[in-house]
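Everything below concerns the one structure shown next.
Sequence positions, counted from 1, serve as the residue numbers for this chain. What's counted below: heavy atoms across the whole structure, side chains too, no hydrogens, waters or symmetry copies.
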Amino acid sequence: MASTELLDTTADGQMQEETSAVLLAGGGAKNAGAGSARPKEEVFEEIQHVLKQSPVLQLQFFDFRVRQHLHALFGTGGRQRLKAALTMVHARTMHRTRQDVKNWPAYLVTLLKNFDPHREGGSELGATKVKSRGSSATTTPEKTERFRSEAESSDSEDDARFEQGLDVQKSLEDEGKLLEKTKINRLEGRLLEKQSRVDDLERKLQDMQAHIDSLMAVLNGGADPQNQLQRAVQRLKENEEDVVRLREENEKLSRLAQTWQAWVDHLEEELQRVGDSGDLVQIKEDLTARLATRELASGRPAQRDEERWQFQGDSGEWVPFPERANQELMGKFRQGLWHCEVSVHGKVYAINFREGWQINQRTGKTRWIRCFFDVPIHWKLTIEEAFQFLTPAGANFVARTVRPVRDPLILFRLQGVLNRSRSRHDGASCWCSHGSSSFQVLEAFQVKNLHVWRRYQRFLQSIREKHHQLGISPEACPAVGDALTEFAHELQVDQAGNERLLLHGTRDLETAMKIALEGFDNRVRERPGLYGQGTYFAAQTCKSAQYATNGGTHYKASSEMMGTMLFARVAIGHPFYAEGPCHERTRPPEKYAVRADSIIAMPGIPNGLPGRAGLQGHLEVVTFDPAQAYPEFIVRFIEN
């Protein structure tokens, strides 16, 4: 009755009844468990525990009303009943999303009400409990005031924790939104880059279509196809007659040149015998000029430099300028002049280096001119690039020599060669760690190094002259796979002359750049290989990938550690086929009493390693001369 009278005399109405009931219930629980933590702290701990387990519930859902019900449950059944209630809430909400419920606090109150079948209203259960205990405890106004102050203090602490939890949650949400925005911006940048590449491809396709349309218009706009065919056959016959006539004239000129050369030799002997004579010197100069004219007409080069100026003849052939005119043109071109005049056998020509033509000042006839460098056709040199080859590069040498590949078709072609070269040359699958990888080329560079290219060409010429002089025919090299063979054909690699396109892995881009600038150099090897102290090349992507990163034998290339590989021309020449390891070799052994040019290790031979690795698994080529290989492309890749 004392509790009932106290509840009837409170001035604040129903809300104070609920607060008093909860406080009394909580106080009973606290007194029952001597030495335990305060109820509000234990309720807060259980809320934090269920929040860690649930991906849906948030701290802001447990407002004052929800916590009031939880305090009531704790007061009636202790912490065990509180845990059971929160477990029920977690089970009911784990399959929902936050958008499924508009008012989460009201929804949680409903769940907690339904959890206790004896409870009919918001806080009537606490009041009922207090009434049932009225016989054992008498409530006084002083106790009521004390309970009220404790409730307000507890609510203030809970609200502070609640607000702190909301601040932490809001901070985490802001960080998540920032990360998501950064990721979206990055993806948008990649999308714009890919769209730009697509636009470039579309423009190229449009240009190709326009070119095809123009060719079709020429074919369809002419006269009758039968008449066109007849005229084409007639022109071929006329060209054949012209070729025969030119050959006869060339033979006559050759015989006449021999006669003139004999006269020049005779005049030189006379000059040495009687001293300089103005008449004899003039005759010698005239004969020398006539010899130069003969070379000009026959199309043979008048000088032996590796770059020379040429003009286009009437039949479309490229004819070199006489030696004196070539030196004059080269000198003015090196000076950076784009326009000049040159005299050839009394005729004055106006030269335009930038647009590549000459005009005869007397007749007005125009011909195309070019500077011939004898470089691979896929370099596609422009006049400006040729001028750069002839001027000192200084600090810009790297930028001139190593050019990024912008054409997506070439990048796709390089990636296709890498993936098609994973299998062994005989088609068998490889058991190494990179044999099952899919290679993705992220960037590539083309090497246009005139110095290294000429050094490589001189080496090729020297070994071919050696083979001819010694009367040997080098043994044919083994097949290196269709992918490398087809790509080598596109790059005009002389595969019939035992020149091959092979792969070379290196641990980083910096080392690859040094190779592009200086060429391959076996003298910088850190330790000898299985087949000597040379430079090693492979015909399989998986073998070169073992050396394309630091630790590439055990790890695959990734975005964090990209792989680096080079496509290289290799002059194999007269090969020696290894039968086992030969670590200390510094040059190839003799073969048929002639020093071989390289060593080839075929799959299946013993290599001296223990276990399964004791047999050679890949085709490898070892060279011992820095001039024996030329780097064509550098590729940067990852493995999937």
Side-chain angles (χ1 to χ4, degrees), residues 246 249-250 252-272 275-375 381 383-392 450 454 457-458:
L246 289 174
E249 292 180 358
N250 191 32
K252 292 180 181 179
L253 288 172
S254 299
R255 290 193 294 270
L256 185 59
Q258 293 175 359
T259 303
W260 288 342
Q261 187 64 48
W263 290 351
V264 171
D265 296 340
H266 174 69
L267 289 174
E268 288 180 347
E269 293 176 359
E270 290 294 325
L271 282 173
Q272 294 176 358
D276 290 341
S277 172
D279 294 338
L280 293 177
V281 171
Q282 183 64 40
I283 292 173
K284 178 181 178 181
E285 290 180 354
D286 291 342
L287 289 177
T288 303
R290 294 171 72 182
L291 283 172
T293 305
R294 175 255 171 191
E295 287 183 320
L296 186 65
S298 63
R300 294 172 57 186
Q303 49 89 34
R304 298 297 179 263
D305 292 337
E306 291 177 303
E307 62 265 357
R308 52 190 178 273
W309 284 96
Q310 300 174 330
F311 65 87
Q312 195 171 37
D314 294 333
S315 301
E317 77 282 4
W318 288 99
V319 182
F321 280 89
E323 183 176 2
R324 182 177 299 176
N326 182 77
Q327 293 176 355
E328 184 178 353
L329 290 173
M330 194 61 67
K332 294 180 179 180
F333 186 69
R334 290 178 184 271
Q335 295 174 12
L337 300 177
W338 294 112
H339 302 273
C340 68
E341 291 184 352
V342 64
S343 177
V344 180
H345 305 306
K347 299 178 183 179
V348 180
Y349 296 90
I351 305 295
N352 187 317
F353 290 120
R354 184 181 295 277
E355 298 181 8
W357 49 257
Q358 69 172 22
I359 296 180
N360 189 318
Q361 297 285 55
R362 184 175 62 84
T363 63
K365 185 172 183 178
T366 303
R367 296 179 185 271
W368 296 112
I369 64 171
R370 71 175 184 180
C371 187
F372 180 69
F373 280 87
D374 193 20
V375 296
L381 284 185
I383 291 294
E384 287 77 6
E385 289 178 326
F387 176 70
Q388 291 177 358
F389 279 147
L390 299 177
T391 56
L450 187 63
R454 286 180 173 171
Q457 290 296 308
R458 295 187 191 108

Mind checking the [atom1]-[atom2] spacing from [X] to [Y]? Nearest 0.5 Å is all I need.
X      : Y      : atom1 : atom2 : value
Thr366 : Tyr349 : OG1   : OH    : 11.5 Å
Glu355 : Trp368 : CD    : CH2   : 8.0 Å
Arg308 : Met330 : CZ    : CE    : 10.0 Å

Which atom pair, heavy atoms only, marks the closest approach of [X] to [Y]?
X      : Y      : value
Val344 : Pro322 : CG1-CG, 3.8 Å
Ala350 : Glu341 : CA-CG, 4.4 Å
Val375 : Leu450 : CG1-CD1, 3.6 Å
Phe353 : His339 : CD1-N, 4.4 Å
Ile369 : Phe311 : CG2-CB, 4.1 Å

| query | Has the side chain of Asn326 got a donor or acceptor atom that lies under 3.5 Å from a matching backbone atom of Trp309? | reply |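 Present.
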| query | What residue pairs, at least two apart or across chains, pass salt bridge (charged side-chain N to carboxylate O under 4.0 Å, His left out) with a residue in residues 313-322? | reply |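 Listed once each, the pairs are Asp314-Lys365, Asp314-Arg367.
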| request: Mind checking side-chain contact (heavy atoms from CB on, under 4.5 Å) for Glu328 and listing every partner two or more places apart, or none if nothing turns up? | output: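 Scan of Glu328 (side-chain contact (heavy atoms from CB on, under 4.5 Å), adjacent residues dropped) gives Lys332, Val342.
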| Gln312: partners by side chain to side chain donor-acceptor pair (under 3.5 Å), with sequence neighbours left out |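 Gln312 satisfies side chain to side chain donor-acceptor pair (under 3.5 Å) with no other residue.
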